[in-house]
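Take a look at the structure set out below.
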2 protein chains.
Amino acid sequence: METIERKPRNREQIRSGILKTAKSIARQEGWQAVSIRKIADAIEYSAPIVYEYFDSKDVLLDEIRSEGFRHLYQEYDRIINLYRDPEKRLYEISLVQWEFARQQPEIYQVMYNLGGALCTMPIYESESMQAVSRIVCKTIFSFIPKAEDSIKRLYFQWWSISHGMIMLAMLLKDEQPFDQSEQIYRESMRRFVRDLR
Amino acid sequence: METIERKPRNREQIRSGILKTAKSIARQEGWQAVSIRKIADAIEYSAPIVYEYFDSKDVLLDEIRSEGFRHLYQEYDRIINLYRDPEKRLYEISLVQWEFARQQPEIYQVMYNLGGALCTMPIYESESMQAVSRIVCKTIFSFIPKAEDSIKRLYFQWWSISHGMIMLAMLLKDEQPFDQSEQIYRESMRRFVRDLR
DNA sequence: CCACTCAATTTAACACCGTTAACTAAGTTT
DNA sequence: AAACTTAGTTAACGGTGTTAAATTGAGTGG
């Protein structure tokens with residue numbers, strides 16, 4: 001009886017321990033330093049154990065990427081339930097994305113294959129990423145009810161500005177203070193949202 | 001007499017052969033597949049020879065990055081000498097950047113540590129990258145003569161939109177046709193330039 | 001209590017990686 | 001001819017992702 005319960009729980013603990021360790025190493029030493037053996041050492045198992053939970057390093061990274069998009073989705077969902085005004089919604093969603101990239105840069109990196117991280121699973125096949133796309137597109141649509149194609153264009157533009165600024169801010173953070181980049185980001189996203197009217 | 005001339009020329013040939021091979025492998029198999037041994041095999045030498053030309057894989061990548069920025073600089077310079085109108089200049093510069101990323105994606109990747117490429121030399125310490133920044137800033141200034149801080153803000157915005165769209169277009173190229181992304185890019189850059197007035 | 005099974009886990013191995021030290025062979029200088 | 005320089009190689013170190021085989025250990029039927 002107990003074993004039936006304890007075994008699966010341990011499995012889940014080990015699994016999340018692997019994910020947690022991978023992210024922790026990436027945060028401290030960068031994704032190029034994340035190795036299966038190092039993860040195994042940290043969770044006090046031998047390397048092959050990791051393969052009992054993830055078929056390869058690639059699917060491990062894919063899981064972290066999906067976690068990231070799911071987290072983003074939840075935050076966007078929260079914003080939408082919090083505000084009624086579509087303009088406010090899109091702006092707040094933009095700010096959430098900035099905050100996410102700021103607080104968990106290593107996850108943001110693996111989501112977009114930045115800074116040496118490489119997850120070979122195509123990002124557009126990720127269900128969790130598509131869910132994020134849908135929720136933002138829906139927000140834009142509730143704002144400007146146009147044809148699907150137009151919405152996709154606007155979404156692509158919004159995504160580009162947001163992602164472009166976040167990426168450059170990360171890349172230049174030692175030259176241009178992050179807070180200064182954030183100020184420009186806020187202004188740009190506000191203007192983008194305003195210009196949608 | 002001959003040796004004094006032939007030796008340096010051969011040296012230069014080998015050196016550029018290494019660079020060419022690295023880019024070629026990256027283009028065909030991605031940066032994660034670029035290894036010193038594979039490069040050495042291709043140029044028909046043993047691996048340690050590569051270290052006679054580059055202190056490490058990292059400085060090899062740094063050289064390719066610098067080559068990329070120098071190429072971009074030359075193109076920007078050409079545009080500036082070709083057109084007088086600052087508006088036209090900035091727009092054409094934007095198009096050159098798109099074309100560069102389209103034709104040599106593997107170089108664009110190493111310039112920004114995209115898609116698994118990792119050059120640990122900080123990008124903002126690259127002289128060739130700073131030269132590119134200066135020439136674009138100058139173009140914006142000839143357009144809107146404002147304080148240096150304002151110019152840097154505008155440059156950051158221009159760079160973000162351009163780079164963000166290029167990056168996303170590359171990432172989504174199998175879902176959203178590149179030509180379609182290019183259309184949105186042209187429209188966005190045109191609008192950015194127009195809004196500068 | 002012994003033998004057996006079965007699952008969990010580890011060890012050992014393979015082929016690769018970046019990098020360096022030691023070595024070889026050829027040519028040049030003295 | 002002997003010593004030195006140069007170009008290039010082989011071999012090695014410690015690391016990587018990954019897999020097959022060996023090992024451990026606990027529970028079970030005889």
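Every chain is numbered from 1, with letters handed out A, B, ... down the list of sequences.
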Would one find more than 12 heavy atoms of other residues, nucleotides or ligands at under 6.0 Å from atom CZ of B:Arg190?
no

Please check if the number of heavy atoms outside A:Glu127 that lie under 6.0 Å from its CD is greater than 12.
yes

Given [options], the nucleotide with the shortest approach to the side chain of [X]:
X       : options                : value
B:Pro48 : C:dG18, C:dT20, C:dT10 : C:dT20
A:Ile49 : D:dG8, D:dG17, C:dT9   : C:dT9
B:Tyr45 : D:dT9, D:dG17, C:dC17  : D:dT9
A:Ser46 : D:dT18, C:dT9, C:dC17  : C:dT9

Please report the distance, rounded to the nearest Å, between [atom1] in [X] and [atom2] in [N].
X       : N      : atom1 : atom2 : value
B:Gln32 : D:dG17 : CD    : P     : 14 Å
A:Asp41 : D:dG17 : CG    : P     : 12 Å
B:Tyr53 : D:dA7  : OH    : C1'   : 9 Å
A:Ile36 : D:dT16 : CD1   : C1'   : 10 Å
B:Glu52 : C:dT19 : CD    : P     : 14 Å
B:Lys57 : C:dG18 : NZ    : P     : 4 Å
A:Phe54 : D:dT18 : CZ    : P     : 13 Å
A:Asp58 : D:dT18 : CG    : C1'   : 13 Å

On DNA chain C, does the nearest nucleotide to B:Asp55 precede the nearest nucleotide to A:Ala47 from the 5' side, or the other way round? Give the residue.
A:Ala47

B:Ser35 side chain near C:dC17 phosphate (N/O to OP1/OP2, under 4.0 Å)
yes

Base C:dG18 to side chain B:Arg37, donor-acceptor N/O within 3.5 Å cut-off:
yes

Side-chain ion pair, B:Arg102 and B:Asp179, N-O less than 4.0 Å
yes

Has A:Arg37 got a side-chain atom pairing as donor or acceptor with A:Ala47's backbone, closer than 3.5 angstrom?
no

Of B:Glu44 and A:Ser56, whose closest DNA chain D nucleotide lies nearer the 5' terminus?
B:Glu44

Quick one: label A:Val50 by what it contacts on the DNA or RNA (base, sugar-phosphate, nothing), any heavy atom closer than 4.0 Å.
nothing

Against A:Lys23, only a single residue in A:Glu67, A:Glu106, A:Glu63 fulfils salt bridge (charged side-chain N to carboxylate O under 4.0 Å, His left out); can you say which?
A:Glu67

